[in-house]
Every structure is written in C-alpha cells, then in structure tokens.
Amino acid sequence: MSLEQNISKALNELYSVQVEPELQETRKEFDGDVTLVVFPFVRAAKKKPEEVAEELGNKLLELSAIADFNVVKGFLNLTLDRSVYVDQFKTFASDPHFGLPTPGSRGAYIVEYSSPNTNKPLHLGHIRNNLLGYSVAEILKANGVAVSKVQIINDRGIHICKSMLAWQEYGNGETPESTGLKGDHLVGKYYVKFDQVYKEEMKRLLDEGKTGDEAKKLAPSLLKAQEMLLKWEQGDAEVVTLWKTMNNWVYTGFNTTYTKLGVDFDKNYYESQTYVLGKDDVNKGLESGVFYKKDDGSVWIDLEDEGLDHKLVLRSDGTSVYMTQDIGTAIQRFKDFDAKGMTYVVGNEQDYHFKVLFLILSKLGYPWAEQLHHLSYGMVDLPSGKMKSREGTVVDADDLIDGMVADAEAISKELGKLDGLEIAAQKELFTTLGLGALKYFILKVDPKKRMLFNPAESIDFNGHTGPFIQYAYARIQSLQRKAPESSELDWSTLTLNEDETIVIKSLLQFSDIVDQAARNFSPAVLANYAYELVKKYNGFYQNNSILKAETEQSIAFRLLLSKKVGEVIKASMNCLGIQVPNRM
RNA sequence: GGCCGUGUAGCUCAACUGGAUAGAGUACUUGACUACGAAUCAAGCGGUUGAAGGUUCGAAUCCUUCCUCGGUCACCA
C-alpha cells in the first residue's frame with residue numbers, strides 16, 4: 001500500500017472522511033521528507049489543525065515507513081525511514097525506462113510544427129517553433145504515446161509568386177550552385193527584391209496623387225505577380241516549372257537547417273496538394289446545416305452562440321481560404337494516421353483561428369475534434385523590439401546556429417580541455433555545445449510567454465544553461481571511465497547520507513515530471529527539472545568523494561547513483577532535442 | 001473599442017496548478033583548485049509578485065475594477 005493510501009485509510013479511521021490526500025515535498029527549512037496539509041480535514045475532524053496533525057502523525061508512526069514526524073501549524077511533516085529511499089532507488093535503478101510508460105502504450109498522436117512558407121529562410125521565430133514542436137513530440141513519446149510529426153508546407157500563393165517574379169526579372173539565371181547561396185536564402189533574396197521594387201512603385205504612384213488603395217491595384221509588379229498566380233492555378237507549364245525549381249531550392253535549404261537543428265518529420269503535407277481538400281468537407285457541412293451560404297455564393301459559419309463571430313469558410317468564387325484548407329488537412333491527417341488527437345505548434349497570433357477551426361471540426365461531428373490542441377507560443381522579441389523583415393532586424397536561423405557553434409568553439413579552446421581529441425570529434429562537440437546552449441535557452445521558458453533574445457550578449461554557457469547540464473554529464477562520464485570494477489552492492493546494509501538522499505528524491509521525480517511536461521505540452525517543465533537535478537547532484541559531488549569513498553560499498557553505490565543521474569540527464573536532454581557529450 | 005494573452009529581484013527566468021519565510025541564474029561583493037574535470041561549489045546583496053478591492057485557515061496563483069505591454073478582430077496566411 002502506498003503512503004497516500006495509508007494516510008487515506010488513517011483519515012477514514014480517525015475522522016471517517018473519504019479523501020485522496022496530496023503530499024508535497026517538505027520545504028528545506030523544515031525537518032521531514034514529505035508534508036501533508038491538514039487544513040482540508042479540520043472541518044470533518046472538528047478539531048484544531050495542530051491537533052489533527054498530531055493525531056494523524058501518531059497514527060502514521062505505526063507504519064514502518066514513517067520514522068518520525070513534526071507539526072508546524074497545519075502542516076504535518078513526515079520523515080520517512082531511509083530504507084524507503086533505498087528500496088525505491090533500487091527499483092528505479094533496475095528499470096531501464098525510469099518508471100516511464102512502455103513506448104507506444106498510450107495510443108497515437110499527431111504533432112504539427114514548423115510549417116514554413118517557401119519564400120524566405122527560417123528565422124529565430126521558426127527556431128522556437130521547431131524546438132518546441134520537436135521537443136513536445138519527444139516528451140509525448142517518452143510518456144508512452146506513439147507520435148507522428150508532420151508539417152504543412154505553404155508552397156503556393158501570391159507570396160511565392162513574388163519571389164518567382166523577381167527572380168525572373170532580376171535574377172540573371174542565378175542558382176544556388178552559381179552563387180554559393182543556400183537555396184532558401186537565394187529565394188529569400190528575391191522576395192526582398194520584389195518588396196523593394198513594389199515599394200518604389202507604390203511611392204511613385206502615391207506621389208502621382210493616387211490613394212493607397214488605388215496604388216495597390218496599379219502597382220505593376222503586384223499585377224504581374226497576380227497574373228503569375230493565375231497562370232500557376234491554370235497549370236501553365238513555364239510557371240509551374242519555375243515554381244518547382246525554386247521550391248526545390250528552398251526545400252534543400254530547409255533540410256540543411258532542419259538537419260543542423262536536429263529536427264525531423266514523419267510526413268510533409270504540401271498546401272499545393274491540400275488546398276482543395278477542404279472544399280468537399282465544407283460542402284458536406286453545408287448540406288448538414290453546419291454552414292450557410294450567402295447570396296453571393298460565399299459560405300460561412302455562425303459562431304455567435306460560442307461568443308464568436310461569423311467566419312468565412314469558402315469565397316464567393318468558390319476558392320478556398322486558409323480555414324478551408326485547414327479543415328481539409330485535419331480530416332486528411334486523421335485518415336492517414338489512426339490518431340486520437342493532434343496538437344498544432346503555431347504562434348499565438350493565430351489563437352483565434354484555431355479556436356474557430358476546432359469549433360468547426362467539432363460541429364462537423366468528428367470525434368477526434370475534442371482532442372485537438374493548439375500549442376500557442378509567444379513571439380521572440382529582440383532588445384530592439386519585434387523582429388521585422390522589412391527593417392532587417394530578423395535573426396536568421398542559419399546565422400544564429402553557426403554563431404552559437406563558433407562561440408562554443410571559442411570558449412572550449414580557451415578552456416583548453418580538449419587535448420588529444422580528434423578534430424572531427426571537436427567539431428561535433430562544438431555543435432553539441434552551441435546547439436545545447438541555444439536550445440536550452442529557448443526551451444526553458446514557458447512556451448506561452450513572450451521571450452527576449454539578446455543576440456549581442458549572445459547566450460551564456462554558465463549558470464542556468466544547457467552547457468551547465470552537459471558539463472555535469474561529461475563529468476559523470478569521466479567518473480565512469482575511471483571507476484574500478486564495481487563490486488556487488490549489498491542493498492540490505494546500505495545507508496544513505498543527506499546529500500545522497502536529496503539526489504535520489506530528485507531522480508524519483510523523473511517520470512512524474514515527464515508526465516507533467518506532457519500534460520502541459522511544456523518542455524520548460526523538463527528543462528527546469530534537469531537543471532534542478534544537476535544542481536543537487538553537483539552539491540553531492542562537491543561534498544562527497546566518490547572514487548575514494550570510505551567503503552567499497554559506498555564507492556559502488558555512489559557510482560551507481562552517478563550513473564543513474566547521467567542517464568536521467570541524457571534522457572531529459574534528449575527530450576529537449578539536446579545531445580550530451582562524453583567530455584567537453 | 002471587443003476578445004485573448006502577459007506583468008514576479010537591476011536584467012533573464014522559476015514557483016509541483018490555492019499552501020509554510022516567493023526561489024534560481026546573471027550582475028555586484030567575498031571564500032574554495034598539489035582534489036573524482038573550477039563550464040564547478042559555498043556565502044552575501046537584491047521583492048509592497050503592475051495597482052486597489054474581494055473570496056478563506058492560507059493568494060503570485062481564484063473573482064471584480066483599473067493600468068502596462070503584446071496579439072487579434074480580412075473573401076491574407
């Protein structure tokens with residue numbers, strides 16, 4: 001019987017109340033291991049909180065697991081017998097899954113993330129998206145869910161035509177090969193070029209006395225882009241060929257960035273293939289009365305009962321809008337994957353869109369619609385404010401990654417601990433550390449919060465950072481390398497000191513933390529846990545000799561404890577998409 | 001303006017979803033390497049949790065009003 005169950009039983013016997021007590025960790029300024037707040041039971045007990053706590057404490061003392069207790073106001077602090085921790089650690093240490101659910105035992109699930117446009121390279125905002133998406137997928141996997149990662153690539157539309165047009169007119173046949181530019185950067189260059197030309201045209205038209213709206217309809221470059229879009233939709237061979245060529249440049253570029261970032265996908269959806277999908281579903285919904293048609297032929301949904309607005313789902317000319325496509329894509333995905341739910345990793349500027357999308361799918365009667373979730377994350381701000389592509393303040397993903405790796409290299413070389421390590425291995429290490437710093441920096445922040453990124457100060461490698469955790473791991477591996485043949489551990493005679501107990505308590509939380517991170521779709525929970533674990537282990541490491549402990553027994557135990565800490569660090573960091581080095 | 005989110009130490013972030021005296025990092029001041037790796041550890045400094053009310057044994061957390069900052073209210077995506 002668990003401690004909670006025993007407490008529940010005792011409460012029932014003493015005061016005949018039926019409750020499931022919640023234990024919390026005793027704060028370090030008080031004596032004890034776990035604390036029960038007795039306020040919830042004082043009414044039923046009809047006694048003062050202190051009396052209740054005292055009475056309950058005495059009753060629980062009968063249990064062999066309870067060594068002692070003390071009462072502070074309405075708080076009952078229980079001290080567990082150290083053998084409880086020995087037993088629990090023994091169980092923990094023998095389980096390669098750390099008490100986590102069996103992989104795949106909790107059904108299937110879809111995570112959508114990244115979903116970029118194909119007209120410009122990825123930037124810092126995409127990095128937060130990618131890291132969150134990848135990490136949430138890994139966390140769900142660790143928690144027993146079979147996850148499929150997908151993205152939808154926004155490969156069609158007017159914005160794509162803009163870069164195509166600019167390349168056609170000003171590109172002189174440039175290719176990634178001829179320029180040495182990454183494909184996505186090359187295409188992005190012409191997207192910017194289009195914008196410059198368009199702006200000049202607008203300025204001229206406005207100077208000529210046109211209003212803003214008039215100018216927009218007259219700007220030659222935009223007219224040409226629209227004409228190109230039309231040709232694309234009609235399947236014009238030349239336009240389609242150019243479109244395919246330039247998109248492939250972008251995909252090659254994206255894949256390089258994805259590989260560097262260490263993220264991947266199980267299936268890509270392309271908007272050019274899915275944008276018609278939703279139309280059928282809308283028509284079905286029209287028949288069943290979920291949608292209604294206006295006189296001009298446009299199709300809408302009335303969401304006033306939900307406190308929202310009327311929302312367009314099909315244009316009057318019958319073409320689909322973003323919503324149409326998202327309806328179709330969602331339905332398609334649940335046909336492709338037999339999943340119980342899906343989460344979309346998309347910035348919080350689309351909160352309203354997803355609220356509406358989920359409502360629509362629910363009204364259309366799909367059972368999985370109740371299991372849709374929008375992982376809404378905040379913008380990444382710079383010290384100068386928002387990232388603005390037009391003002392050139394965008395932090396490019398590739399530049400950022402390369403910069404972090406270069407920083408890691410500089411710091412590592414200054415510390416000079418890498419003698420004897422091959423150049424290739426060193427390079428790999430700099431990547432591990434640079435990316436570790438970047439990823440940890442971004443993932444430790446609660447997703448829904450806006451976060452500040454200061455590129456000038458770059459990112460720390462000391463303190464609450466990825467490399468701090470990686471360093472602890474590397475030290476443990478060094479320890480293992482130097483360890484003697486470990487003798488058998490006699491669990492029955494093992495005793496624990498305070499530092500060891502603290503580390504064990506932290507290790508035992510791991511599966512709960514993974515579950516909490518999964519429920520909240522929050523890598524930050526796991527990131528902060530890994531840091532806490534390392535801090536506690538470092539405290540232990542500093543005050544206790546491991547290889548020169550007093551007894552063989554102690555050496556063997558501390559080595560095992562260290563090994564397990566290393567494993568949990570690695571598992572936690574891998575859930576964040578962060579690698580750990582054997583030395584650094 | 002309506003709706004959504006956010007506001008915690010100088011700065012960057014926590015706080016197990018209502019629990020005890022709100023914690024870390026950074027910066028600043030100090031101590032610890034002939035030590036299993038100092039990218040470490042230890043100590044000090046730093047707070048009216050945006051403001052005011054309310055709910056209760058107990059509030060950063062829940063409710064009301066106001067304020068800041070951001071997002072969103074397109075036949076754009």
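FYI, side chains are in, hydrogens and waters are out, and symmetry mates aren't considered; it's all heavy atoms of this structure. Throughout, protein chains are lettered first and strands after them, A, B, ... in sequence-line order, and every chain is numbered starting at 1.
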For this session: For A/Phe39 and B/G19, say yes or no: do the ring centres fall under 5.5 Å of each other while the ring planes differ by less than 30°?
Result: yes
Exercise. OP1, OP2 of B/G25 versus side-chain N and O of A/Lys535: anything below 4.0 Å?
Worked result: yes
Problem set entry | Minimum-distance nucleotide to A/Gln542 side chain [options: B/C4, B/C41, B/U6] | B/C41
Problem set entry | N-glycosidic conformation, B/C33 - syn within 90 degrees of 0, else anti | syn
For this session: Please evaluate the base of B/U17 for a donor-acceptor partner in the side chain of A/Asn520 within a cut-off of under 3.5 Å?
Result: yes
For this session: Report the residue (A/Ala408 or A/Val525) whose heavy-atom-nearest nucleotide on RNA chain B is the more 5′ of the two.
Result: A/Val525
Exercise. Would A/Arg128 count as a cation-pi partner of A/Tyr377, with NZ or CZ less than 6.0 Å from the six-membered ring centre and within 45° of the ring normal?
Worked result: no
For this session: Answer yes if the ring centres of A/Tyr440 and A/Tyr531 are under 6.0 angstrom apart, and no otherwise.
Result: no
Exercise. When you look at CD of A/Glu428, are more than 12 heavy atoms from neighbouring residues, nucleotides or ligands closer to it than 6.0 Å?
Worked result: no
For this session: Check the distance between B/G70's P and A/Phe453's CZ and give it to me in whole angstrom.
Result: 21 Å
Seminar exercise, completed: Atom CG of A/Leu421 and atom C1' of B/G37 are separated, to the nearest Å, by 14 Å
For this session: Among B/G25, B/U26, B/C4, find the nucleotide with the atom closest to the side chain of A/His464.
Result: B/G25
Exercise. Where does B/U40 fall, syn or anti, if syn means a chi angle no more than 90° from 0?
Worked result: anti
Seminar exercise, completed: RNA chain B nearest-nucleotide lookup for A/Glu22 and A/Leu452: closer to the 5′ end is A/Leu452
Seminar exercise, completed: Considering only heavy side-chain atoms of A/Lys73, the closest of B/G70, B/U21, B/A14 is B/U21
Exercise. CZ of A/Arg583 versus P of B/G37: gap in Å, rounded?
Worked result: 11 Å
For this session: Salt-bridge test for A/Glu567 and A/Lys564: reply yes if a basic N is under 4.0 Å from a carboxylate O, no otherwise.
Result: yes
Seminar exercise, completed: Rounded to whole Å, OH of A/Tyr531 lies from C1' of B/G25 at a distance of 5 Å
Seminar exercise, completed: Out of B/C4, B/A20, B/A24, minimum distance to the side chain of A/Asp351 belongs to B/C4
Problem set entry | A/Ser562 and A/Tyr537: side chain donor to acceptor below 3.5 Å | yes
Exercise. Once the angle between the rings of A/Tyr322 and A/His353 is folded into 0 to 90°, is it parallel (under 30°), tilted (30 to 60°) or perpendicular (over 60°)?
Worked result: parallel
Exercise. So, does the side chain of A/Thr35 form a donor-acceptor pair with the base of B/A20 at under 3.5 Å?
Worked result: yes
Exercise. Which part of the nucleic acid does A/Asn544 contact within heavy-atom distance under 4.0 Å: base, sugar-phosphate only, or nothing?
Worked result: base
Exercise. Contact class for A/Phe468 vs. all strands (heavy atom < 4.0 Å): base, sugar-phosphate, or nothing?
Worked result: sugar-phosphate
Problem set entry | Interatomic distance where NZ belongs to A/Lys548 and P belongs to B/U34 [whole Å] | 14 Å
Exercise. With sugar-phosphate meaning primed atoms plus P, OP1 and OP2, does A/Ser412 contact a base, only sugar-phosphate, or nothing at under 4.0 Å between heavy atoms?
Worked result: base
Exercise. Which class fits the ring pair A/Phe75 and A/Phe39: parallel under 30°, tilted 30 to 60°, perpendicular over 60°?
Worked result: perpendicular
Problem set entry | Pairing partner of B/C57 (Watson-Crick or G-U wobble, both distances under 3.5 Å) | B/G19
Seminar exercise, completed: From OH of A/Tyr440 across to P of B/G25 the rounded distance in Å is 12 Å
For this session: Just compare B/C41, B/A20, B/A38 and give me whichever is closest to any side-chain atom of A/Asn538.
Result: B/C41
For this session: Look at A/Glu29 together with A/Arg27 and state whether they make a salt bridge at an N to O cut-off of under 4.0 Å.
Result: yes
For this session: For the residue pair A/His123 and A/His126, categorise the inter-ring angle as parallel (less than 30°), tilted (30 to 60°) or perpendicular (more than 60°).
Result: tilted
Problem set entry | B/G19 base stacked by A/Phe75 (centroids within less than 5.5 Å, tilt under 30°) | no
Exercise. Which part of the nucleic acid, if any, lies within contact of A/Phe30, taking any heavy atom under 4.0 Å across all strands shown: a base, the sugar-phosphate backbone alone, or nothing?
Worked result: base
Exercise. What nucleic acid atoms does A/Val445 come within less than 4.0 Å of, heavy atoms only: base, sugar-phosphate, or nothing?
Worked result: sugar-phosphate
For this session: Indicate for each nucleotide in nucleotides 72-77 of chain B, in 5' to 3' sequence, whether protein heavy atoms under 4.0 Å reach the base (B), only the sugar-phosphate (S), or nothing (-).
Result: S--BSB
Exercise. When only distance counts, do a donor and an acceptor, one from the side chain of A/Asn77 and one from the base of B/A20, lie under 3.5 Å apart?
Worked result: yes
For this session: Give one of base, sugar-phosphate or nothing for A/Met451, where a contact means two heavy atoms less than 4.0 Å apart.
Result: sugar-phosphate
Problem set entry | A/Ser478, nearest nucleotide to its side chain (from B/G37, B/C57, B/C36) | B/G37
For this session: Using whole Å, report how far CG of A/Leu357 lies from P of B/C4.
Result: 20 Å
